[in-house]
Structure formats: C-alpha cells, structure tokens
> 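Quick one: the structure is below, and I'll ask about it shortly.
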Amino acid sequence: MNDDAPKNAPNAAGQRANWRVRTRLVHEGTRRSQYGETSEAMFLTQGFVYPDAEAAEARFKGELAPGEEGFIYARYGNPTVAMFEDRIAALEGAEAAFATASGMAAVHAALMCQLKAGDHVVAARALFGSCLYIVETLCPRFGIDVTLVDGTDLDQWRAAMRPETRLLFLESPSNPTLEVIDIGAVAEIGHQWGARLVVDNVFATPLFQRPLALGADVVVYSATKHIDGQGRCLGGVICGSERFIRDEVEPFVKHTGPALSPFNAWVMLKSLETLPLRVHAQTDGAEILARHLDARAREGAPLGRVIYPGLPSHPQHNLAARQMERPGQMVAFEIAGGQAGAFRFLNALGIVAISNNLGDTKSLITHPSTTTHQRLSEAAREHLGIAQGLVRLSVGLEDPEDLREDIDRALARV
Ligand SMILES: *Cc1c(COP(=O)(O)O)cnc(C)c1O
C-alpha cells in the first residue's frame, strides 16, 4: 500500500496543506494499492499478514518503518476505515478521528472513555433520545452524577458547574426543536472549571458548524445521517486532538469493540465526496420551504410555529447566523389541531415519506411526540417545546417546488 499518488495528481507533494474543503473531501486520506485504482479500494479484511515473525513482533510493539501503517486487526484499524477517518478529520479540521459502528457507539465511547465514578457531567436537556439515555440513565449507574440544563441559558450552565465537573455535552441545533446553543460560551464555562466540551454536531453537519474552532474539545457524528446521506449504512465518528484519540478513545474502542465495518466505511468514504453538493442543495430546499411555511402561517394556513434557524423569528437567529455557515436542512413546524391535525398532514403527503431518519436524499418527516420522543412524559415534552402538532422535516434532494406543492396539498387536507 502506498500513499503516494502518481505525479500530476492533485495530492502531489506540497499542495495538500492548502486544499479547500471540497478538494479534501475527494482526495484526503486516499491510500492507493499497487494497482493504482482510481476509486478507493474496499479492504474487506479482518486481519493482516506479516512477512516474517520479526515483522509481527515489531508491529505489535508499534515499531513502524517510515510511511508504514501498523494494521494488526480490524477492530483497531483497517485501511478503508483509516481513509474514512483521515478524510473526516481533514473536513473537521481535527488532528485525528476514530470511526465507530454507529453514532451512538461514537457518543458512548466519546463520553465513557474519559469518565469515571465520582465525575460530574453537565448536559443540555434537549438531546437525541439515546444520548439522553446515556447521560440520564447509564452514567448514574456507574457513579457519574449528571445535571441537565436548558442549553440556551448560559446561567444554568454556570450554576451547574462543580469542582468535579469533568465534561459538558450538547447538541446544536437540537432535535427536534432546533434550539441553537452558544458553543463558544459553553466551552469557555467548561474550560474555566477544567472540564471538556463534547458536541454532537449531527444537525449542523461538519460543513456548516465547526465546534473545534469555536472552542469545543471533541466532536461526535452519527455518520448514518448526512455523511452517508443516502439511507444505507450505520456509522459514527469521534473527532478530537491526536492525544485524545490515541490515548483515550483508541484503547476504549479497541478493547470494547464497536468498530466500523470496512464495507460501511467505504460507503461513507465515497459519500463524503458528494457531501457538500448534497447538503448545500438540501439546505437551499429547506430555506425555500421554511420561508414558504412562514408565509403560509401568516396567511392563515393551519400552522403554528415554524422553526428554522435561518428565519428571523427563530429565538437564536443571530447566534445561528454567527455560529453556523448555513442554517441546515432540518425544519420543524406545528400543524394546527394537535396530534390529529399532524397525522392528517403526514398521511396526506405524497412525496415526503414518514420516517424518523434524517439527512437523507429523500425528504422524510416525523411526528416526534408519538415516535422519537414518545418515551418522555408529557411534562418533559412540554418543557422541550415538543407540542402535539409538531412535525420535523428533513429536506431531501427532490425539486423544492415539488416539495412545496406536496406540503401545500397536505396542508389543505388538515
Ligand atoms: C441519529 C443521531 C444519533 C445516533 O446515531 P446512530 O447512527 O443512529 O447510532 C446521535 N445524535 C444525533 C443528534 C442523531 O441525530
């Protein structure tokens, strides 16, 4: 295997450091085999053979020749997975990345690899359901105390801090109500107390929000969402400093086993090439639809709040404009008539499919209070602003005009 591209290739020596994001997403991390294949190879192998016993010993000791990569076993590393990790680290502006089998495996590993009994965690209350399970249910079982706060209220973060606070955790924009949290301000609060900030950056995507540059220490993704973006594979990734990934994440993941399959890594790697094209086009659609829904609400259509960080009516619109390059492809809105109204709307849609996934090329819609957030009490849902009529739309790659017509047709049936 060699990392050297043929002469004239865009990754010829010296140019790499100046590559812009789109170029990195096509070329970064590529390891060409002796065959010089154009497309990245899928190394569907669990193990690796060594030329002799001495070489095996050296590999296990971590003694590598210059340019040699120390693959030993696919639970710790695989060339296709490494290509995906390098490409995503380059996109994120992170020193290193570690891929996992799912987004939840990434969140779990990113938190648990650095926590121990006696530590304290502060997390925003508006979290993806399974993330909430980890902090609210799992952490206390291991003697890790957790305080949940309203993420948009910085005073609550400040008030929750203690000498033993080791980690802060948030998601912005949040699911499903698209609350935007000031990442730089929360990072600063954490750092004053010697705590690290972990950001679940799924909704913003690595293109539109750079938590590390804003002050966060660790970024996690469900690669299942926009990174695959075509509804095929589960995957996750943790991005951070070389030291954090090698000394804390790697031993944890290596010995507990949530490794990303090389097949899934290959799908994700190839998907990264088109990530900017997809996410920008989806966001164009989301902007059109959010403005349209907002206008329809003011004309008296059966709509309540229209929530989109790009609309001036969004409670953190200015923060979103400062912190995010673009507002993203998720839109939430309330249908009049509560659950019955929302169900009539969902059932009348022809193009937009009912599904709880997001970031897909296909437009998908979900009714959080009866699906993703049904486990919560009515009071907890109310606290999070999840009304009975709220729906969450993930805008896909269809023509926005067709989506607009689909939504208008369904609104007429509410
Ligand atoms: C989907 C999602 C996850 C979990 O990812 P999986 O790949 O489904 O395990 C975590 N956080 C957020 C914000 C998500 O949307």
Side-chain angles (χ1 to χ4, degrees), residues 81 84 88 92 97-112 123-139 148 151 168-181 183 197-209 211 216 218-239 253 256-261 263-265 267-268 271-272 275 279 282 286 307 309 324 328-332 355-360 362 364-366 368 371-373 375-376 384 386 392-396:
V81 176
F84 170 65
I88 199 104
E92 194 65 36
F98 206 106
T100 57
S102 69
M104 283 324 303
V107 172
H108 179 250
L111 300 188
M112 291 309 188
R125 188 175 281 110
L127 287 179
F128 183 75
S130 298
C131 297
L132 193 63
Y133 174 84
I134 290 180
V135 294
E136 204 180 26
T137 307
L138 206 54
C139 281
L148 296 177
L168 312 186
F169 182 48
L170 64 85
E171 190 185 312
S172 179
S174 68
N175 176 34
T177 53
L178 309 178
E179 275 182 11
V180 178
I181 300 178
I183 293 173
L197 174 62
V198 179
V199 174
D200 180 336
N201 203 36
V202 166
F203 272 50
T205 82
L207 291 171
F208 294 159
Q209 181 166 274
V218 179
V219 183
V220 289
Y221 289 101
S222 165
T224 313
K225 311 294 165 56
H226 310 81
I227 292 173
D228 174 312
Q230 291 146 89
R232 300 163 298 188
C233 292
L234 290 173
V237 65
I238 305 167
C239 302
V253 177
T256 57
L260 180 63
S261 135
F263 178 83
N264 287 10
V267 171
M268 307 275 181
S271 295
L272 282 176
L275 181 76
V279 172
Q282 289 166 321
I307 311 170
M324 300 175 71
Q329 52 78 241
M330 301 294 294
V331 186
S355 173
N356 46 286
N357 202 4
L358 62 100
D360 202 283
K362 294 178 170 56
L364 304 175
I365 197 160
T366 183
T371 60
T372 52
H373 292 69
R375 201 172 64 86
L376 299 186
L384 292 173
I386 304 172
R392 187 200 75 185
L393 172 66
S394 168
V395 178

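All values below come from the heavy atoms of this structure, side chains included, with hydrogens, waters and symmetry mates left out. Whatever order the structure lists ligands and atoms in, that order sets their numbers, starting from 1.
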> Among all the protein's non-hydrogen atoms, which is closest to atom 2 (C) of ligand 1, and how far away is it?
Lys225 NZ, 2.4 Å
> Run the numbers for me: atoms of ligand 1, each under 4.0 Å from some heavy atom of Glu171, listed by number.
13 (C)
> Which residues pass the ring pair (Phe, Tyr, Trp, His ring centres under 6.0 Å) test with Phe128, sequence neighbours left out?
none
> Does His226 form a side-chain hydrogen bond (donor to acceptor under 3.5 Å, both in side chains) with Gln282? I'd like the steps, not just the answer.
CA-CA 10 Å; His226 310 81; Gln282 289 166 321; 5.4 Å; no
> Which heavy-atom pair separates Ala106 from Val220 by the least distance, and what is that distance?
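Scanning both residues, the minimum pair turns out to be O-CG1, 3.9 Å.
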> What I want to know is whether Gly103 and ligand 1 share at least one N or O pair that is separated by under 3.5 angstrom.
yes
> Run the numbers for me: atoms of ligand 1, each under 4.0 Å from some heavy atom of Ser102, listed by number.
7 (O), 9 (O)
> When you measure from atom 9 (O) of ligand 1 to every protein heavy atom, which one gives the shortest distance, and what is it?
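The protein heavy atom lying closest is Met104 N, 2.8 Å.
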> Restricting to non-hydrogen atoms, name the atom on Gln209 and the atom on Ser172 that form the minimum distance, rounded to 0.1 Å.
NE2-O, 2.9 Å
> What protein heavy atom sits nearest atom 8 (O) of ligand 1, and how far off is it?
Ser222 OG, 4.1 Å
> Tell me, which protein residue and heavy-atom name are nearest atom 12 (C) of ligand 1, and how many Å apart are they?
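For atom 12 (C) of ligand 1, the nearest protein heavy atom comes out as Asp200 OD2, 3.4 Å.
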> So is Thr224 polar-close to ligand 1, meaning N/O to N/O under 3.5 Å?
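Among all N and O atoms of Thr224, at least one is under 3.5 Å from an N or O of ligand 1.
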> Excluding sequence neighbours, so at least two apart, what forms side-chain hydrogen bond (donor to acceptor under 3.5 Å, both in side chains) with Thr224?
Ser222
> To the nearest 0.5 Å, what is the distance between OG1 (Thr372) and CD1 (Ile386)?
7.0 Å
